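Here's the structure, in structure tokens; my notes come after.
Within every chain, numbering begins at 1; the chains are lettered A, B, ... in the order of the sequence lines, protein sequences first and strands thereafter. Because the structure is predicted, anything quoted here is derived from the model rather than measured.
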2 protein chains.
Amino acid sequence: MVLDTTMNTKTTIKDVAELAGVSFKTVSRVINNEGSVRKETLQKVNDAINELHYQPNTAARNLAGSKSYSLGYVYDNPNAYYVLDMQNGILAECRDRGYELVIHPCSANNKHIVEELATMVKRSQLAGLIISPPLSEMPEVLRGLDEMNIPFIRIISASEVSQESSPCVYINDRDAAFDITEHLIEQGHSKIAFLRGDESHRSSHERKIGYLNALKKHNIPIIEDYQIDGSYSFEFGVQGAKQLLSLAEPPTGIFSCNDEIAAGALFAVRLQGLNVPDDMAIAGFEDSPFSRQTWPMLTTAAQPTNIIARKAAASLIQHLVNLRSPKTSVDSIPHLHFRPQLVKRESTLTVTSEQSLE
Amino acid sequence: MVLDTTMNTKTTIKDVAELAGVSFKTVSRVINNEGSVRKETLQKVNDAINELHYQPNTAARNLAGSKSYSLGYVYDNPNAYYVLDMQNGILAECRDRGYELVIHPCSANNKHIVEELATMVKRSQLAGLIISPPLSEMPEVLRGLDEMNIPFIRIISASEVSQESSPCVYINDRDAAFDITEHLIEQGHSKIAFLRGDESHRSSHERKIGYLNALKKHNIPIIEDYQIDGSYSFEFGVQGAKQLLSLAEPPTGIFSCNDEIAAGALFAVRLQGLNVPDDMAIAGFEDSPFSRQTWPMLTTAAQPTNIIARKAAASLIQHLVNLRSPKTSVDSIPHLHFRPQLVKRESTLTVTSEQSLE
DNA sequence: TTGATAAATGACAGCGTTGTCATTTATTCT
DNA sequence: AGAATAAATGACAACGCTGTCATTTATCAA
């Protein structure tokens, strides 16, 4: 074993103070941007910090202060890409703001989920939680956390701000689904099917409403057989598409609740020797890598998950700050909206309409 | 806002002590399994802990003790499935052992990566790191961490234990690749191509060696044109397969370095109207969801990533314990091996040989 | 210049736990 | 039973930092 290198020796706030020739409290002021430090002193302290490669100890900060610099991300893994995008977005914000992140995968089926979360919050002294669907859409979770006074922000699927008292990031799945469906209609389709994801996810509900709204707007009859409930999986896409193709009058377009379903549907359709999009147009949702790993590539709706996550984290942090300073009034609960954007690709664009591809 | 519920009030070790009628040090002994506590006392303390839903505060534990209950997971990997599997495995072990996990995605290209890691370790007072490829295979990372005396365990691709001084989990990609290639040979193929992943990943190198070894063993001529270097991506699979098909004498089997490449290759091959596996057999590696989301499904090699991750975490924790107690001799550095298992699926099984599918 | 006020800095307790060592209590041996 | 030893328990400092409050230093008006 090699002995201490400069970087390894644990340098504390006191070491910095000594080198800078000030009290360690002054160093603390600098670290926390508290002000009340002369420019000259600030300079000395920062120099010392840099020279010693000083890093404030998060554990000590959480322990000593009334604040906490740790957030938690809670999810019930619907999809690896989504979770990782969320996680990376949150982490990016955390790094910028000097926060730590504790990851907590868990099961929505767990009866004692609220208790589980409370335990985690206490163990790790979390300042607040970021919760993604479907957990974020479970009333008991919302209620439980509220009762225990644990701050949190939720990402949920909703077309408009509801009367929620807690901070939320709203994803307007409904209108985005409307856009996709309308796009299919504009491509000349009127027999459009809908493959729905897990009903435990509000998104699947919202997307269905958007689909129906578009049909209604264009006076297209709504056919029950064209609407199949399933889950957010490739397998369901395969099976759903087969079912649709076996109808007496099959649809000419399929709007799948996400890209994984769409990929499955695409597969099944092509397996039957049909051409996409000419015989059957297929659209997904999410703009996940799946949508680019099919041929033809999938028309879909892009949710900037990474950015959403980042903003959610930023918003939560802001909310936490507000909670601490009572001057800010109650109504400053942060709300954010995102509307996924239509991404047109070959899976829905017939040759004649190709010019509409930007 | 609702006022405190039982669970929310911050209960400390002292509250437990008071309720149990002992000193808080005794409670600490119970929490840490230090022994030297009478059964009767133990009972009282445990009752109190349960009654109060007490959770030891990790920050305080890290701060006060010479130990730390936080690990770090460091990765730079484009594969969401892999990363999430790793993460979940590590988290599972952490939960069992009362550890916290700090996630740290980072870029292998970053010149100052070692410094970055050191910063994180100090900030979060990490006890040790778990590092997955390709970072785990970069000598400078290894050296840097060693110099700074930061304990870590690496997951690396290697066919045998090298003279590494640091703890490792070895993934025997070479022999698994041998198995896959031999399987293709047994299916009657002799013109077998190899689509290689990123060269910055040792796995792609190892898998290639396994491929070559199998050819050699069966006295099959090695053809340069059949070996194409690329990256672990769907796109490369498509492009690589096209290139192979354009050869004067195309192969009849393709071993792709991972499932994503294989999925791309499969796509390209089928697009040409060829039949898989009859015209072209295709195998992947990893047993990722990709391998089950193609038709036909992909023959592949299954790495139990989740389990590997869990064992790696367990092993690191054990190593940390050993480091603390000097009685254990130096040679007890933990080493683990995994050999991915061949999974035969339809993408390589010709109809006549279908009986060999277990 | 002087006193009054504001800004900058420092001294010190305390956060919830572990580590060390002293003290009390139980157990064993003669 | 009494001394000797081992086991169980407690008192208290310390970890690295923040919060509070006291003290010093600079700034300004008269």
Side-chain angles (χ1 to χ4, degrees), chain A residues 9-18 20-45 48-49 52-70 98-100 121-127 321 324-325, chain B residues 9-18 20-45 48-49 52-70 98-100 121-127 321 324-325:
Chain A
T9 328
K10 218 178 265 179
T11 63
T12 76
I13 199 171
K14 292 187 182 175
D15 300 321
V16 177
E18 194 179 356
V22 297
S23 79
F24 72 93
K25 177 64 216 189
T26 299
V27 178
S28 170
R29 288 202 179 86
V30 172
I31 296 168
N32 294 287
N33 268 307
E34 283 177 28
S36 285
V37 178
R38 254 186 305 170
K39 252 190 283 182
E40 192 188 318
T41 315
L42 188 86
Q43 184 59 277
K44 279 193 299 182
V45 171
I49 288 178
L52 296 177
H53 295 279
Y54 169 70
Q55 281 301 322
N57 181 315
T58 308
R61 302 228 285 176
N62 285 348
L63 187 58
S66 49
K67 338 179 182 62
S68 152
Y69 289 89
S70 299
Y99 276 69
E100 248 176 27
V121 168
K122 280 162 77 177
R123 250 208 136 79
S124 305
Q125 255 194 267
L126 301 181
V321 172
R324 261 187 266 125
S325 59
Chain B
T9 328
K10 218 176 264 181
T11 64
T12 76
I13 200 171
K14 293 187 180 174
D15 300 320
V16 176
E18 193 178 356
V22 298
S23 79
F24 71 91
K25 177 64 217 191
T26 299
V27 178
S28 170
R29 288 202 179 84
V30 172
I31 296 169
N32 294 287
N33 270 306
E34 283 177 28
S36 286
V37 178
R38 255 185 304 171
K39 251 189 286 184
E40 191 187 318
T41 315
L42 189 86
Q43 185 62 17
K44 278 192 299 183
V45 171
I49 287 178
L52 297 177
H53 296 279
Y54 168 70
Q55 281 299 323
N57 180 314
T58 308
R61 302 228 284 176
N62 285 347
L63 186 58
S66 49
K67 337 182 184 58
S68 152
Y69 289 90
S70 299
Y99 277 70
E100 248 177 27
V121 168
K122 280 161 80 176
R123 251 209 135 77
S124 305
Q125 255 195 269
L126 301 181
V321 172
R324 261 187 266 124
S325 59

Distance (rounded to the nearest 0.5 Å) between [X] [atom1] and [Y] [atom2]:
| X | Y | atom1 | atom2 | value |
| --- | --- | --- | --- | --- |
| B/Arg38 | B/Lys44 | CZ | NZ | 7.5 Å |
| A/Ile13 | A/Leu52 | CD1 | CG | 12.0 Å |
| A/Ser23 | A/Glu18 | OG | CD | 12.5 Å |
| B/Lys10 | B/Tyr54 | NZ | OH | 12.5 Å |
| A/Lys25 | A/Glu34 | NZ | CD | 5.0 Å |

Starting at [atom1] of [X] and ending at [atom2] of [N], how long is that distance when rounded to a whole Å?
| X | N | atom1 | atom2 | answer |
| --- | --- | --- | --- | --- |
| B/Gln55 | C/dT17 | CD | P | 10 Å |
| A/Arg123 | C/dT17 | CZ | C1' | 13 Å |
| A/Ile13 | C/dA11 | CD1 | C1' | 14 Å |
| B/Arg61 | C/dT17 | CZ | P | 9 Å |
| B/Leu63 | C/dT18 | CG | P | 11 Å |

Item checked: Presence of A/Ser66 side-chain N/O under 4.0 Å of C/dC15 phosphate oxygens OP1/OP2 ->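 Result: no.
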Next item on the list: Give a yes/no on whether any side-chain N or O of A/Asn62 is located under 4.0 angstrom from OP1 or OP2 of C/dC15.
Entry: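 For A/Asn62, the contact criterion (side-chain N or O under 4.0 Å from OP1 or OP2 of C/dC15) is not met.
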Notebook entry, point to check: Is a donor on one side and an acceptor on the other found under 3.5 Å between the side chain of B/Thr58 and the backbone of A/Ser124?
Noted result: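 Not at all, since once roles are kept as given, no pair shorter than 3.5 Å links the two residues.
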Next item on the list: Report yes or no: does B/Asn62 contribute a side-chain atom to a donor-acceptor pair with the main-chain N or O of B/Ala59 at less than 3.5 Å?
Entry: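 Not a single qualifying donor-acceptor pair exists.
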Next item on the list: Give A/Tyr69 one of three labels, base, sugar-phosphate or nothing, depending on what nucleic acid heavy atoms sit under 4.0 Å from its own.
Entry: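 Nothing, no heavy atom under 4.0 Å.
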Check: Checking all strands, does A/Lys67 fall into the base, sugar-phosphate, or nothing category for heavy-atom contacts under 4.0 angstrom?
Finding: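 A/Lys67: backbone/sugar contact only, no base atoms under 4.0 Å.
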For the residue pair [X] and [Y], establish whether any side-chain heavy-atom pair is separated by less than 4.5 Å.
| X | Y | result |
| --- | --- | --- |
| A/His53 | A/Thr11 | no |
| A/Asn57 | A/Thr12 | no |
| B/Val37 | B/Val45 | no |

Next item on the list: Go through residues 33-40 of chain B and report each residue with a non-hydrogen atom lying under 4.0 Å from DNA chain C, sorted by number.
Entry: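 Of all residues in residues 33-40 of chain B, none places a heavy atom under 4.0 Å from DNA chain C.
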Item checked: Most 5' of B/Arg29 and B/Gln125 on DNA chain D, judged by nearest nucleotide ->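 Looking at DNA chain D, the more 5' nearest nucleotide goes with B/Arg29.
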Check: Nucleotide range of DNA chain D contacted by chain A, 5' to 3', under 4.0 Å to a heavy atom?
Finding: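 Range of nucleotides touched by chain A: D/dG16 to D/dT20.
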Notebook entry, point to check: How far apart are the C-alpha atoms of A/Ile31 and A/Arg61, what are their side-chain angles, what is the distance that settles it, and do they pass the side chain to side chain contact (heavy atoms under 4.5 Å, CB included) test?
Noted result: CA-CA 11 Å; A/Ile31 296 168; A/Arg61 302 228 285 176; 3.4 Å; yes
Check: Got a sec? Which of residues 21-28 of chain A come in under 4.0 Å of DNA chain D, heavy atoms?
Finding: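 Per residue number, the list reads A/Phe24, A/Lys25, A/Ser28.
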